[in-house]
Engineer: 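Before I ask anything, let me first share the structure, which is written out below as structure tokens.
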2 protein chains.
Amino acid sequence: MYSQSEENYLKAIYHLEESSEKGVSTSKLSEELQTKAASVTEMLKRLAEKKLVNYQKYYGVSLTPKGKSWALAIIRKHRLWEYFLVECLNFNWDEVHEVAEQLEHIQSKKLVEELDCFLGRPSFDPHGDPIPNAAGVLPEFKKRRLSEFKVGDTLICKGFSDASSSFLQFLDQHKIGLDTLLSIKSIQEFDESMLVKVRNNEIMLSKTATQNIFVEIYKESKLKEKV
Amino acid sequence: MYSQSEENYLKAIYHLEESSEKGVSTSKLSEELQTKAASVTEMLKRLAEKKLVNYQKYYGVSLTPKGKSWALAIIRKHRLWEYFLVECLNFNWDEVHEVAEQLEHIQSKKLVEELDCFLGRPSFDPHGDPIPNAAGVLPEFKKRRLSEFKVGDTLICKGFSDASSSFLQFLDQHKIGLDTLLSIKSIQEFDESMLVKVRNNEIMLSKTATQNIFVEIYKESKLKEKV
DNA sequence: AATATTATTTAGCTTTGCCTAAAAATTTTA
DNA sequence: TAAAATTTTTAGGCAAAGCTAAATAATATT
């Protein structure tokens with residue numbers, strides 16, 4: 001249907017749209033895809049013709065619903081194959097990416113659906129990334145406390161259990177809100193307080209605080225399990 | 001390492017070398033690959049540069065040892081994937097070809113070896129075609145056509161040379177598959193069609209059909225040789 | 001507000017792999 | 001064995017997807 005190259009652009013745009021609030025620029029894309037800006041411009045024009053992206057010269061790009069659903073289909077395939085490689089073929093989770101990059105472009109509805117079924121319809125790939133279902137819907141993440149995680153993990157805030165105004169004011173001061181990204185820099189052993197990076201600032205959170213912040217995994221550290 | 005297109009040429013040359021005694025001509029290749037003779041000529045020059053084929057203008061082409069071993073690697077992948085699709089993903093044997101054509105080009109030594117291991121190192125794919133091992137060696141099997149046998153012989157199906165989906169569906173309808181037992185009840189002299197017993201049913205097979213079914217002897221008749 | 005810097009686009013070139021039409025070589029046939 | 005028929009190759013184009021260098025638009029600086 002679409003070329004591998006086109007699919008890679010859709011996937012890259014999707015990932016960049018997810019990971020940054022701002023629109024997706026030509027240069028960001030060229031960096032992501034290890035290609036030159038001029039090549040990106042060309043491709044964006046092609047993708048816009050095919051109604052897969054909204055593209056305005058000099059003002060970046062975004063996916064149309066059609067483009068987004070195609071991107072999700074690729075991501076679904078990628079993550080299912082990663083799961084297969086790790087669970088069935090003894091791959092390590094740091095070896096799967098390259099091969100999954102190839103497998104994600106195989107075209108066959110039946111293949112994907114049967115693979116999904118064969119694997120037991122997993123919701124998360126070996127990196128903890130969510131696997132969209134056949135309709136392109138991502139699974140719900142279960143809320144977990146920030147205090148459960150380990151150094152190196154990157155997390156998205158999904159809720160706060162202590163609704164006291166002093167706690168909320170504290171969060172406000174540090175610009176922590178819904179969908180804020182946090183990454184854990186270090187954990188003090190004696191009181192389990194965490195040094196956390198938020199928008200290029202590093203702040204210290206007490207155990208009381210980390211127990212009251214619900215997060216979802218954004219990216220898990222490759223370090224061995226904490227416990 | 002090599003492009004999909006180059007790999008498809010190698011595979012096609014391999015198959016044509018196997019199936020006809022004569023050398024492989026430009027026009028045979030263009031027919032096999034559904035492409036024009038002029039395109040074939042071009043590609044053969046490229047493949048010759050890369051030492052994958054011996055090519056002499058106007059006099060056809062043959063694989064070098066390097067080309068042959070690459071072709072066998074592709075065929076190995078193709079047949080392993082077909083086995084996977086049928087055994088693990090509920091594909092019918094007449095549905096697998098198209099997808100295997102894509103999967104055979106995935107580049108990853110580890111993937112192929114682990115898949116082979118996962119599947120239990122099968123020797124034959126769902127059509128009964130032999131699967132080369134990692135060194136490119138084909139399992140022994142003597143191909144004899146059902147049409148070579150005589151009344152009273154009992155045989156085991158070991159492969160089917162016409163992989164068209166209509167032929168495979170015909171076999172399915174009569175519940176003939178790999179390892180199915182057949183015994184020859186009678187042979188019509190005028191058109192060499194056979195009346196064959198399969199699981200208590202008797203069915204009529206045309207000469208075309210019996211020439212495309214490979215068998216091994218299960219029990220030979222004590223009658224005199226047919227020929 | 002004008003200029004400098006940076007980002008983006010355009011223009012023109014390359015390679016792969018396909019095409020058609022024309023030319024050349026081989027094979028067939030008379 | 002020479003002409004006719006067929007096969008193969010060459011020549012010249014096209015589209016995808018990349019590149020570099022030059023031009024242009026947007027943003028930042030003073």
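Residue numbers start from 1 in every chain, and the chains themselves are labelled A, B, ... in the order their sequence lines are given, proteins ahead of strands. Atom set for the values below is all heavy atoms of this structure, side chains included, hydrogens, waters and symmetry mates excluded.
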Engineer: Could you check which of C:dT26, C:dC19, C:dA11 has an atom nearest any side-chain atom of A:Ala38?
Structural biologist: C:dA11
Engineer: Could you please name the option among D:dA17, C:dA24, C:dC19 that lies closest to any side-chain atom of B:Tyr58?
Structural biologist: C:dA24
Engineer: Which listed nucleotide (D:dA17, D:dT7, D:dT9) is nearest to the side chain of A:Ser5?
Structural biologist: D:dA17
Engineer: Name the one of A:Lys11, A:Arg76, A:Arg79 that satisfies salt bridge (Lys or Arg N to Asp or Glu O under 4.0 Å) with A:Glu104?
Structural biologist: A:Lys11
Engineer: Write down the distance between CE (A:Met43) and P (C:dT8), rounded to a whole number of angstrom.
Structural biologist: 18 Å
Engineer: How long is the line joining NZ of B:Lys57 and P of C:dA24, in whole Å?
Structural biologist: 12 Å
Engineer: Measure CD/A:Glu42 against C1'/C:dT10 and give the value in whole Å, please.
Structural biologist: 10 Å
Engineer: Where does the angle between the aromatic ring planes of B:Phe160 and B:Trp93 fall among parallel (under 30°), tilted (30 to 60°) and perpendicular (over 60°)?
Structural biologist: perpendicular
Engineer: Take atom OH of A:Tyr55 and atom P of C:dT9, then tell me their distance rounded to the nearest Å.
Structural biologist: 3 Å
Engineer: Any idea how A:Phe84 and B:Trp81 line up, ring-wise: parallel (<30°), tilted (30 to 60°), or perpendicular (>60°)?
Structural biologist: tilted
Engineer: Nearest heavy-atom pair of B:Pro122 and B:Ile131: which atoms, and what distance?
Structural biologist: O-CD1, 3.8 Å
Engineer: Can you tell which of C:dG17, D:dG18, D:dT20 lies closest to the side chain of A:Lys36?
Structural biologist: D:dT20
Engineer: Respond yes when some side-chain nitrogen or oxygen of A:Thr41 is under 4.0 Å from OP1 or OP2 of C:dT10, and no when none is.
Structural biologist: no
Engineer: A:Leu44 CG to D:dA16 P: how many Å, rounded?
Structural biologist: 15 Å
Engineer: Please report the closest heavy-atom contact between B:Cys88 and B:Phe118, naming both atoms and the distance.
Structural biologist: SG-CE2, 4.1 Å
Engineer: Please state how far atom CD in A:Glu31 lies from atom C1' in C:dT8, giving the value in whole angstrom units.
Structural biologist: 15 Å
Engineer: Take the protein atom CG of B:Leu33 and the nucleotide atom P of C:dC19, then report the distance between them rounded to whole Å.
Structural biologist: 10 Å
Engineer: When you get a sec, tell me which of C:dC18, C:dA21, C:dT9 is the closest nucleotide to the side chain of A:Ala37?
Structural biologist: C:dT9
Engineer: OP1 or OP2 of C:dG17 versus the side-chain N and O atoms of B:Arg46: is any pair under 4.0 Å?
Structural biologist: yes
Engineer: Under 4.0 Å: is that the gap between some side-chain N or O of A:Thr26 and OP1 or OP2 of C:dT9?
Structural biologist: yes
Engineer: Measure from the side chain of A:Ser27, starting at C-beta and using heavy atoms only, and say which of C:dT8, C:dC18, D:dT8 lies closest.
Structural biologist: C:dT8
Engineer: Would you mind classifying the nucleic acid contact of B:Tyr9 as base, sugar-phosphate or nothing, using non-hydrogen atoms under 4.0 angstrom?
Structural biologist: sugar-phosphate
Engineer: Can you identify which nucleotide, out of D:dG18, D:dT10, C:dT27, has its nearest atom closest to the A:Thr35 side chain?
Structural biologist: D:dG18
Engineer: Check the phosphate of C:dC19 against B:Ser39, side-chain N and O only, distance under 4.0 Å to OP1 or OP2. Yes or no?
Structural biologist: yes
Engineer: Would one find a side-chain N or O of A:Lys45 under 4.0 angstrom from OP1 or OP2 of C:dT10?
Structural biologist: yes
Engineer: Whether the B:Ser25 and B:Ser27 side chains hold a donor-acceptor pair (N or O, under 3.5 Å, no angle test) is what I'd like checked.
Structural biologist: yes
Engineer: Can you tell me if A:Ser3 touches the phosphate of D:dA17, counting only side-chain N or O atoms and a distance under 4.0 Å to OP1 or OP2?
Structural biologist: yes
Engineer: Using whole Å, report how far CD of A:Glu6 lies from C1' of D:dA17.
Structural biologist: 10 Å
